Engineer: 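Mind having a look at this structure? Questions to follow.
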Amino acid sequence: MQVIPASGTLRILEIAKKMEREGKKVYHFEVGQPDFPTPENIVNAAIQALKDGKTRYTSARGIPELLDAIQELYARRNIYIEGRENVIVTPGAKMALFQGFLATIDVGDDVLLLAPSWPTYKVMIRNAGAKPVDVDTRTGYVLDEEKLKNKIGNEVSAIVINSPNNPTGGVLTKDHMKLIYDLATDHNFLVFSDEIYEELVYDGFSQTSMLQVDTNLERTVVISGFSKSYSMTGWRLGYAISSPETINNMVRIQQNTTSCATSFVQYAGVEAIMGDQGPIRRMQESFQRRRDLLQQIFCDIDGIHCMNPMGAFYVFPDMSHFDLTSSTLSELLLKRTGVTSIPGKVFGEAYDHHLRFSYSVSEQDIQEGMQAMKEFLQDL
Ligand SMILES: Cc1ncc(COP(=O)(O)O)c(C=O)c1O
């Protein structure tokens, strides 16, 4: 339990709950999940699978229909995965990461994290007996080549990258991904590429997958899932793509832990990929509108730099102008305006002057909440 800290956001959420109990309006900019219902065709596919009796254990790797659908999903982007042995379906991307780390990392290894990064990586890496090492990026998750090179030592066995990125909304360029891959090849370490936000990119940007860089899957483990792209967080469905050797090791772990992803949820996953993509496009368009709106309001606030997050549904402004730690500022902001945020420190020691806001909230809440925040910050 020493490597699993209490949640860094507990205090903020407790204050928010108390305010709501007192009848005060809270603007939930802290959430990390889409606010849309799961599209109806996906829900119906799960119901049908239940009616058809798809309620038993499946193969630990996943049902063949879903393994094939995942390959089809990538083929649409001209990324060709060789066969079903390259894929494992898991209960959420989280489980794919956990199994992936356990399958590849040794006790005592160093694992580089392109920071700022989702805090769960650190907990999982420590659970595998390894040591997480932050490699800070430039504003907006832009790779700092020198910083990365300086952190590469003999103990490094992997790097974790996450583009589009939680918390910044930044994306890595193909050149930077190639550079990371080349360094991994030269120094013989693995690349974990968490691409869970791959469908949520804006302004017509096309996200590079590590699968386009390491086409032979020699040293890459790609992690993704259905939570964000299809608004299926509670269903728990994710997957990993890697070499047959790594995937087979993950299958062995899955056989002895969760057994498989939930049977009827896997059928819903097939529908998510193969069925009508209209609802998915509409969610993406809605996120684009919200991002544009939020960005416009942020650019209008004195003391915050304008940002142009290209993906996911987060912004991570630098608030150092206000000279407060991220948890103090986050708490003050909530108490005075009802706007919740996540303190930047949660995402890495170097980010204690940032706050993360998610725009997985209605346009009306963005307008009202950000107006309240603007007035508060002006007074501050
Ligand atoms: C970067 C990142 N990876 C993975 C996940 C978890 O995905 P899943 O719901 O599929 O476990 C999240 C959820 O917040 C995330 O932000």
Side-chain angles (χ1 to χ4, degrees), residues 7-9 13 28-36 38 42 62 66 70 73 87-102 111 113-125 127 132 134 137 141 158-172 191-201 207 209-210 221-241 250 254 257-258 260-262 265-266 268-269 272-273 287 309-316 340-342 344 346-348 351 356-361:
S7 162
T9 55
L13 291 177
H28 286 280
F29 286 88
E30 88 286 2
V31 287
Q33 57 180 336
D35 55 327
F36 307 100
T38 304
I42 301 176
L66 185 52
I70 291 166
L73 179 69
V87 187
I88 180 173
V89 173
T90 54
K94 256 185 182 164
M95 204 59 197
L97 278 161
F98 194 52
Q99 292 174 359
F101 290 145
L102 286 183
V111 176
L113 282 175
L114 216 54
S117 70
W118 185 47
T120 298
Y121 300 133
K122 278 200 176 112
V123 180
M124 288 186 181
I125 291 162
N127 252 310
D134 275 355
T137 50
Y141 205 62
I159 184 168
V160 182
I161 62 174
N162 167 224
S163 175
N165 171 251
N166 175 7
T168 61
V171 291
L172 289 171
V191 181
F192 277 85
S193 185
D194 180 347
E195 302 180 3
I196 190 137
Y197 295 100
E198 67 202 330
E199 298 282 336
L200 298 175
V201 283
Q207 167 65 30
S209 167
M210 208 61 192
V221 186
V222 165
I223 306 288
S224 194
F226 294 74
S227 288
K228 318 288 174 172
S229 307
Y230 305 98
S231 203
M232 290 176 71
T233 44
W235 296 69
R236 312 310 301 130
L237 193 62
Y239 56 89
I241 302 167
M250 291 172 67
Q254 180 134 287
T257 51
T258 61
C260 59
T262 303
V265 167
Q266 294 190 54
I273 294 175
F287 274 130
M310 292 294 281
F313 38 74
Y314 308 109
V315 283
F316 196 57
T340 55
S341 58
I342 307 271
V346 166
F347 304 95
Y351 305 93
R356 188 195 80 175
F357 298 90
S358 155
Y359 45 92
S360 200
V361 292

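In listed order, ligands and their atoms are each counted from 1. This is a predicted model, so every value here is computed, not measured.
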Engineer: For F357 versus T340, what's the shortest heavy-atom pair and its separation?
Structural biologist: CD2-O, 4.1 Å
Engineer: Given the side-chain rings of Y314 and Y197, with only the six-membered ring counted for Trp, is the space between their centroids under 6.0 Å?
Structural biologist: yes
Engineer: Residues around ligand 1, heavy atom under 4.0 Å from any ligand atom, sorted by chain and number. Can you pull those?
Structural biologist: G92, A93, K94, W118, Y121, N162, N166, D194, I196, Y197, S227, K228, R236
Engineer: When you measure from the side chain of S163 to the backbone N and O of N165, does any donor-acceptor pair fall under 3.5 Å?
Structural biologist: no
Engineer: Do you know which two heavy atoms are closest between T168 and P309, and how far apart they sit?
Structural biologist: O-CB, 3.7 Å
Engineer: What orientation do F316 and F347 show, parallel under 30°, tilted 30 to 60°, or perpendicular over 60°?
Structural biologist: perpendicular
Engineer: Go through the structure and list residues passing salt bridge (Lys or Arg N to Asp or Glu O under 4.0 Å) with K122, not counting sequence neighbours.
Structural biologist: D134
